[in-house]
Amino acid sequence: APAAGPPVPTAPADGVVRLWRVKGGRGGKVVTVVTGLPPESLDDVGRELRKVAGAGGATRGDAVEIQGDCRDRLQMRLEAMGYRVKFAGG
């Protein structure tokens with residue numbers, strides 16, 4: 001069976017967007033994982049966040065992964081878009 005990919009953190013569905021710094025299962029590379037976004041806007045917001053971070057990434061399940069630790073820039077952009085943001089994990 002093919003591997004499901006590296007683990008993605010989960011958080012309560014409380015309307016708060018959480019920014020995680022995650023390293024496990026990615027060959028030692030750090031990624032920023034964004035959880036708590038509304039499912040219908042995952043692709044659009046993910047595209048915008050990758051642009052703000054100037055980095056690649058992917059939408060995986062109900063989370064957006066951005067390469068590197070860019071939580072500060074992502075927090076400012078998400079708050080400007082009207083989301084409540086918290087740092088979590090890492």
Partner set under side chain to side chain contact (heavy atoms under 4.5 Å, CB included) for Glu79, not counting sequence neighbours: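 Checked Glu79 against side chain to side chain contact (heavy atoms under 4.5 Å, CB included); matches are Gln75, Val85.
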
Hydrophobic cluster membership, Phe87 vs Leu49, 4.5 Å side-chain cutoff: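 The answer is yes; both residues are in one hydrophobic cluster.
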
Hydrophobic cluster membership, Met81 vs Leu37, 4.5 Å side-chain cutoff: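 Yes.
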
Looking only at heavy atoms, what is the nearest atom pair of [X] and [Y], with distance?
X     : Y     : result
Trp20 : Arg71 : C-CD, 4.1 Å
Lys86 : Val16 : CG-CG1, 3.7 Å
Thr35 : Ala63 : CG2-CB, 3.9 Å
Gly46 : Ile66 : O-CD1, 4.4 Å
Gly61 : Leu42 : O-CD1, 3.5 Å
Val33 : Glu65 : CG2-CG, 4.0 Å

Sidechain-backbone polar pair: Thr32 side chain, Cys70 backbone, donor-acceptor under 3.5 Å: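 Checked: pair present.
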
Verdict with reasoning, Val64 to Arg50, per side-chain contact (heavy atoms from CB on, under 4.5 Å): CA-CA 9 Å; Val64 175; Arg50 286 191 289 276; 4.1 Å; yes

Student check: side-chain heavy atoms of Val17 and Val45 closer than 4.5 Å: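 No; the side chains remain at least 4.5 Å from each other.
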
Heavy-atom check, side chain of Arg47 versus side chain of Asp43, under 4.5 Å: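 Counting from C-beta outward, Arg47 and Asp43 do come under 4.5 Å.
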
Spatial distance of atom CZ (Arg77) from atom CG (Leu74) [nearest 0.5 Å]: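 Rounded to the nearest 0.5 Å, the CZ-CG separation comes to 10.5 Å.
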
